[in-house]
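Note that the structure is predicted; figures quoted are calculated from it, not measured. Only this structure's heavy atoms are used, side chains among them; waters, hydrogens and symmetry mates stay out. So that the names make sense, note that chain A is the first sequence line, chain B the second, and so on, each numbered from 1.
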Amino acid sequence: MNKSPLNHLLTFAFGAILWVIFGVFLVAYLSENPALTLKDPADLANELRIIFGVGTLLSIVSASYWYFYGNKESTAGELQAAKKKWLSIFIFQIILSVTLTGTIVGTNVTEGIEAKWFGIYYAINAVLTFLFFWLATFLMSPRTVKYIPLGK
Amino acid sequence: MFKNVLIGIGGTGSRVIESVVHLCAAGYGPDKLHIFIIDPDSGNGNLTRTKTLIQQYSDLRQKFQRVKGNNCFKTEIVIPPDGAPFIWSIFDEKKYTLSKFINHDNLKKNDPNLADLANVLFTKKELETKLDEGFRGHPSIGAVVMSDPPMDEYPFKMLWDDTASLHANDLRVFLVGSIFGGTGAAGFPTLGSEQLIKFNEQKQAKLAGGKSKVLLGGALVLPYFSFSVDETSNEPMFVTPNDFPIATKAALQYYNDKQLGFDQYYFIGDSLAQKVGEFSAGSSTQENFPHYIEMVASLAAFDFFRQETIEGIPDKKYFISCRDDKNLDWNQLPLTRDSNLLQDERKEFRKLIVDFSVFAYSYLTYGKEILNKAHKDLKNEAWYRDTFEKNFKEENYLFNPRHEDNKAIYEVADDYLSKFLFWISAMDDGEGGNVNMINKDMIFSGDLGLNVKNNNLKDPSAFKANIGQIVWEKTNKKDFNAFIREGLEESVISDETLGAGSKYLNVFYHAAEKFNNKNLSLN
């Protein structure tokens with residue numbers, strides 16, 4: 001699972017499944033249940049699909065970059081730098097999840113959506129970004145850097 | 001079943017044995033080899049170096065549990081047991097002279113004719129020079145004092161132990177010494193005489209029908225080195241490089257005329273006359289740099305021990321080999337008498353030596369660096385954690401490579417592997433030189449001195465390209481990062497019966513093998 005291109009493909013597939021779960025199967029529930037003043041729930045669903053899609057895509061790209069970086073021969077002799085790199089990407093993912101949720105809040109601030117729904121959107125963004133990145137790299141990092149993700 | 005016995009005679013003999021030991025460490029040697037040395041100069045620096053080396057080899061071999069497929073240290077080197085002498089130093093007391101040995105003063109009184117004969121055969125200087133630093137290039141003295149070695153005492157006893165069940169030619173005895181010095185030139189023909197070893201009746205070496213249990217071989221090392229002569233020396237009698245050709249010529253004539261017990265001779269020499277150190281008449285100051293010819297003499301011994309069973313009376317054989325030109329590399333080494341096997345042998349030999357060199361270099365640098373870090377600080381190193389993390393127990397030597405009980409193996413490994421690296425590197429002539437096998441400049445910084453500990457190993461983390469160019473030939477130029485990825489990470493040891501110290505060394509040895517499989521052009 002940590003060999004290239006298998007890890008790239010599995011990460012893409014895993015990310016796609018997550019997006020389909022939230023952006024296709026659950027999106028109706030996530031867009032029809034919040035109280036909306038003016039916006040059509042279908043428009044909110046489209047926004048959520050795009051936001052979740054951007055988060056998932058950037059996570060897949062981040063994980064793929066990590067696999068590529070971890071596979072480079074030069075990384076074997078620079079594990080401290082690799083650790084910093086992984087942490088940087090992980091923090092970027094956290095910031096991304098906050099930014100994406102902030103975008104949802106910003107575009108729907110006048111709609112009167114209950115705060116708990118923004119909490120749920122943040123939770124989904126967290127799953128699609130840093131949690132997804134962490135799990136993918138925890139399971140599928142190349143041999144040289146396999147112990148670098150947090151918790152290993 | 002064969003019994004292999006190697007006898008090194010004099011300074012050159014002990015230096016050849018140094019090479020033999022290192023080649024055995026690299027995995028190029030027979031399964032079992034009995035070794036002893038003959039040298040009256042028991043304080044000789046070369047001899048001391050070889051003696052210590054054999055002890056360290058045996059010590060490391062005993063402590064280092066090797067996993068299947070790891071052939072380094074495969075040869076069991078046998079020396080006399082229980083601290084019995086490993087060196088026959090000929091004289092029981094210090095400052096012995098030939099005059100004392102033949103009881104010249106008594107002869108003058110009791111048998112003046114015999115005393116006169118001694119006066120004809122030996123000069124006064126020869127009779128009175130102290131011999132505990134060797135025979136100083138005068139083999140005629142050595143021949144007298146070595147003519148009756150104590151076969152019932154160690155180390156000679158080791159030659160005859162457990163030989164009752166051996167058949168014709170099963171006791172393979174190989175002598176090695178120089179033809180041009182003192183001790184070797186005296187001991188080689190004396191011990192090679194028919195009655196002393198080959199057909200020794202007292203030890204039942206002689207069999208019916210002109211056969212013998214002993215297959216006797218020998219490597220005669222012709223002049224191969226040079227050294228600076230100290231013209232101000234006060235030594236009464238010594239040999240200089242200028243004496244070598246005439247001594248060699250006389251000796252070769254002698255071997256041509258004299259019927260000795262040898263079945264197979266190897267004549268080994270070199271015309272490059274490389275300097276191996278400063279002049280010394282003997283004793284602790286006589287310590288020289290290793291020379292490739294000593295390794296070639298070792299290869300002759302291995303070729304002798306490896307030959308097929310000989311039935312009946314062996315034919316006399318003489319082996320010589322020479323370089324194609326003035327350069328010496330991996331493709332010029334005379335490894336076997338069988339020309340059909342030569343190419344494969346060369347590949348195997350080169351692989352074993354380069355594997356062991358990379359093992360020694362990587363362990364002594366990066367390996368030691370990792371050992372000096374705490375286990376908890378190695379959370380990111382996959383190769384380390386894959387072998388040592390799973391069952392890690394701080395207090396158990398089987399799982400903790402830094403456990404107190406594992407320190408002994410590292411101490412002896414550090415010493416031995418440093419010596420190996422010095423030995424293999426000291427033979428290198430450097431860029432534009434004649435002898436190029438392992439590139440010393442990839443391993444050491446600065447000049448190579450005789451004191452190994454003063455030499456600085458280059459840090460492979462800083463000189464990343466060096467490890468892939470340790471050998472003087474075209475490689476795939478893999479670097480130290482590749483060593484970690486394609487070597488260390490692919491060398492996980494899961495055998496839980498091994499001590500963690502042995503596991504650690506095995507990881508580095510396997511890593512070296514795997515790295516070289518990718519880095520060397522093996523075809």
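- For B:Glu404, the salt bridge (Lys or Arg N to Asp or Glu O under 4.0 Å) partners are B:Lys407, not counting sequence neighbours.
- The environment of A:Tyr122 atom OH is dense: over 12 non-hydrogen atoms of other residues, nucleotides or ligands sit within 6.0 angstrom.
- Residues of residues 358-379 of chain B lying under 4.5 angstrom from chain A, judged on non-hydrogen atoms, are B:Lys379 in numerical order.
- Only the side chain of B:Glu486 comes within less than 4.5 Å of a heavy atom in chain A; its backbone stays farther off.
- Between A:Gly70 and B:Arg485, the closest heavy-atom pair is O-NH1, 3.6 Å.
- Using a 4.5 Å heavy-atom threshold, the side chains of A:Arg143 and B:Glu490 count as touching.
- Around the NZ atom of A:Lys3, the shell of radius 6.0 Å holds no more than 12 heavy atoms that belong to other residues, nucleotides or ligands.
- A distance of 5.0 Å separates CG of A:Leu79 from CD of B:Glu381, quoted to the nearest 0.5 Å.
- For the salt bridge (Lys or Arg N to Asp or Glu O under 4.0 Å) test, residues two or more places apart in sequence or in another chain that qualify with B:Lys63 are B:Asp59.
- B:Ala382 approaches A:Thr144 most closely through the heavy-atom pair CB-O, 4.0 Å.
- At a heavy-atom separation below 4.5 angstrom, chain A is approached by B:Asp479, B:Asn481, B:Ala482 within residues 476-483 of chain B.
- The minimum heavy-atom distance between B:Asp386 and A:Tyr147, with the atom names listed, is OD1-OH, 2.6 Å.
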